[in-house]
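Here's the structure we're looking at; comments come further down.
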Number of protein chains: 2
Amino acid sequence: MSVDSETTCNHKHQCHHCNSDGTCMDDESCISLVPIFNHLEPAQMDEIMSLIRSLKFKRGENLYSPGDPANTLYIVSEGKIKIYRLSESGKEQLIRFLRPGDFTGELALFSDTVHEAYAEAIEDTSVCTITRSEFNELLLKYPSISLKVLSEFSHRLEQSEKQTTRFATERVETRIALFLIECLDRDSKSQIVELPMSMRDLASYLGTTPESISRKLTEIEEVGLIEQISNKKIKILDLDGLLNV
Amino acid sequence: MSVDSETTCNHKHQCHHCNSDGTCMDDESCISLVPIFNHLEPAQMDEIMSLIRSLKFKRGENLYSPGDPANTLYIVSEGKIKIYRLSESGKEQLIRFLRPGDFTGELALFSDTVHEAYAEAIEDTSVCTITRSEFNELLLKYPSISLKVLSEFSHRLEQSEKQTTRFATERVETRIALFLIECLDRDSKSQIVELPMSMRDLASYLGTTPESISRKLTEIEEVGLIEQISNKKIKILDLDGLLNV
DNA sequence: TGCGAAAATTGATTTGCGTCAAGGAAATCA
DNA sequence: TGATTTCCTTGACGCAAATCAATTTTCGCA
């Protein structure tokens, strides 16, 4: 759901101050950026714009933490945000990263509860926010927004359930192999995967340790399925083989 | 989201042929049963009723399987349905059970994809179905339905992510303890938990084996945190202790 | 009520992987 | 650019939990 310079600012409406890298600096960009809003008419976007409030977070600051009341929708306009959870026993698990165009606020937006996860800005970040009550009114007024949000939620749910099943049933080696394959699907141009995060984060995301990731990658390399080109780059040599790890 | 005899058929609209156990046999019951619809006006429910088609599945039949196009919303009116997945390596993982009032159709309802899970009737079951296109029209016409579905989805997503984190970070013993506590929250009247499924299913749900469940329960009993009254009944003796397992 | 099948328990064994510890590579900052 | 910190890798070890196998218990059905 991230946005590149081709797809940014392509609606008829005015969109000032776009940067060369495709991100827009003004508040308005939040609306035109995100799939849940950018299908609307310019006039409707203007209306939504009047509701949003722009906030900035410095690297390291939390947008929300567990226990915080969840009454705000956050739309990322610049920067990078890490969503993670602490388990009952205190271990951290990475859920996802948010890039410009992504949103968070989660369930709590629709039921009156508190957050259970952390949202931490890992770069200096600016977000657009809408309160729950205003967002609910928007959903009632423009039902097509709901369909977009439902689509996004159902996709996340599918992903999450798939991840759950993998944790419940697959070995670490298999989880790593499947992750590589999914990275390849996204890039898909070459056979080379660029790992989108550090080993530490990847370990947290896959429910294992950096040590195990390192070891398993070496093992997979030794049987000829991949080649570790550099720290972050991995060449897939045998896709079918990987699928059967 | 299951429904008992107190809460069934309590709207002003007519609702014929209700059974003593609270389930209704006629098509209409599907609509009045489910939280996503039962807040509507009687006239609106009638309109929806005209769209639904009632289907019956015998015990063991699948409502859908992975690869099936997902273009139908299923609302359970009678019976019990098991949603489960097969991992890439072929192991089964239980996702959830559906009881009267619950619905499925998942993500696929909002993005044009195929199912990834199995939905199997484990009792003789009757469901009400609506096609995707008709359901989408309903959502656009009655935006309040979207809010209900969003609320349900976000709740499921929260649950799923919590489960993912547990699998990723907690030991089997802890997962079992947390499961018992959540069962207690639902019953909550006494300190006695009635396991809602077989050991086999529980193992599948918790990402472990029946052997491990059996062993761990015995261990937890030996340190005095619980008492195994019978096969399916467990008495919680020390809730705080369980939380720290 | 009793039989047979399925489910649950218990034991013995194996193994995957986390933990701890140390050395090397890479990134960050002045 | 060099120094310091953080990250990654490799090795040795221990443990949690899966697997395999054999009873025992429970439950569905005749």
Side-chain angles (χ1 to χ4, degrees), chain A residues 59-60 82 87-94 122-124 165-179 194-223 226-234 245, chain B residues 59-60 80 82 87 89-94 122-124 165-180 193-223 226-234 245:
Chain A
R59 174 193 161 118
K82 174 165 122 177
S87 68
E88 278 83 357
S89 63
K91 283 184 205 150
E92 180 179 321
Q93 204 231 339
L94 175 62
I122 56 174
E123 296 173 1
D124 288 0
T165 299
R166 282 187 189 168
F167 284 161
T169 61
E170 306 286 13
R171 293 175 310 154
V172 167
E173 198 171 346
T174 311
R175 304 209 290 267
I176 296 173
L178 292 169
F179 179 81
E194 175 125 15
L195 294 181
M197 58 184 101
S198 68
M199 291 278 149
R200 170 186 287 277
D201 282 337
L202 185 57
S204 170
Y205 181 72
L206 294 180
T208 179
T209 60
E211 292 97 321
S212 288
I213 302 250
S214 177
R215 274 187 254 271
K216 297 298 179 186
L217 281 178
T218 305
E219 281 179 35
I220 299 174
E221 182 170 36
E222 277 166 359
V223 296
I226 63 169
E227 184 190 340
Q228 300 190 60
I229 296 173
S230 75
N231 216 336
K232 290 252 169 301
K233 282 188 182 167
I234 292 175
V245 161
Chain B
R59 173 193 163 117
K80 193 172 179 186
K82 174 165 124 178
S87 69
S89 62
K91 282 183 206 150
E92 180 178 321
Q93 204 232 339
L94 175 62
I122 56 173
E123 296 174 0
D124 288 1
T165 299
R166 283 190 189 165
F167 284 159
T169 61
E170 307 286 11
R171 294 175 310 153
V172 166
E173 197 171 345
T174 311
R175 303 209 292 268
I176 295 173
L178 292 169
F179 178 80
L180 290 179
V193 166
E194 174 126 15
L195 294 181
M197 59 185 99
S198 68
M199 291 278 148
R200 169 186 285 277
D201 282 338
L202 184 58
S204 169
Y205 182 72
L206 294 179
T208 179
T209 60
E211 292 96 320
S212 288
I213 301 250
S214 177
R215 273 187 254 272
K216 295 300 178 186
L217 282 178
T218 305
E219 280 178 36
I220 298 174
E221 182 171 36
E222 276 165 0
V223 297
I226 63 169
E227 183 191 340
Q228 300 190 60
I229 297 175
S230 74
N231 213 338
K232 291 252 169 300
K233 281 189 181 166
I234 292 175
V245 162

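Reminder, nothing fancy here: chain letters follow the sequence lines and each chain counts from 1. Hydrogens, waters and symmetry mates play no part in the numbers below; they use all other heavy atoms, side chains included.
For A:Glu88 and B:Arg166, the salt-bridge test passes: some basic side-chain N is under 4.0 Å from an acidic carboxylate O.
For B:Glu221 (side chain) and B:Gln228 (main-chain N/O), a donor-acceptor pair under 3.5 Å exists by modelled atom type. Judged by distance alone, the side chain of A:Thr218 and the main-chain N or O of A:Ser214 form a donor-acceptor pair under 3.5 Å. At least one donor-acceptor pair under 3.5 Å links the side chain of A:Thr174 to the backbone N or O of A:Val245.
Considering only residues two or more places apart in sequence or on other chains, A:Arg175 meets the side chain to side chain donor-acceptor pair (under 3.5 Å) condition with none of them.
Following rounding to the nearest Å, B:Glu219 (CD) and C:dT9 (C1') show an atom-to-atom distance of 14 Å. Atom CG in A:Leu195 sits about 15 Å away from atom C1' in C:dA26, given to the nearest Å. One interatomic measurement links the two molecules: CD of A:Gln228 to P of D:dT9, which rounds to 6 Å at whole-angstrom precision. Protein atom CG of B:Leu217 is 7 Å distant from nucleotide atom P of C:dT9, rounded to whole Å. As rounded to whole Å, 13 Å separates atom C1' of C:dT9 from atom CD of B:Glu222. Regarding A:Lys232, its NZ atom lies at a distance of 10 Å from the P atom of D:dC7, rounded to whole Å. Taking atom CG of residue B:Asn231 and atom C1' of nucleotide C:dA7, one finds them 8 Å apart after rounding to whole Å. Nucleotide C:dA8 holds its P atom 12 Å from the CD1 atom of B:Ile234, rounded to whole Å.
Looking only at side-chain heavy atoms (C-beta outward), A:Phe167 and B:Thr165 stay at 4.5 Å or farther from each other. Looking only at side-chain heavy atoms (C-beta outward), B:Glu92 and B:Lys82 come within less than 4.5 Å of each other.
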**Message:** How would you summarise protein contacts on nucleotides 16-21 of chain D per nucleotide, using B for base, S for sugar-phosphate only and - for none, with heavy-atom distances below 4.0 Å?
**Reply:** -SSBBB
**Asked** Using Watson-Crick and G-U wobble pairs with both distances under 3.5 Å, what is the 5'-to-3' dot-bracket string of DNA chain D, with [ ] for crossing pairs and | for pairs outside the strand?
**Response** ||||||..||||||||||||||||||||||
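Note that CD of A:Glu173 and CG of A:Leu178 are 11.0 Å apart. Values are rounded to the nearest 0.5 Å.
A 6.0 Å sphere centred on NZ of A:Lys232 holds more than 12 heavy atoms belonging to other residues, nucleotides or ligands.
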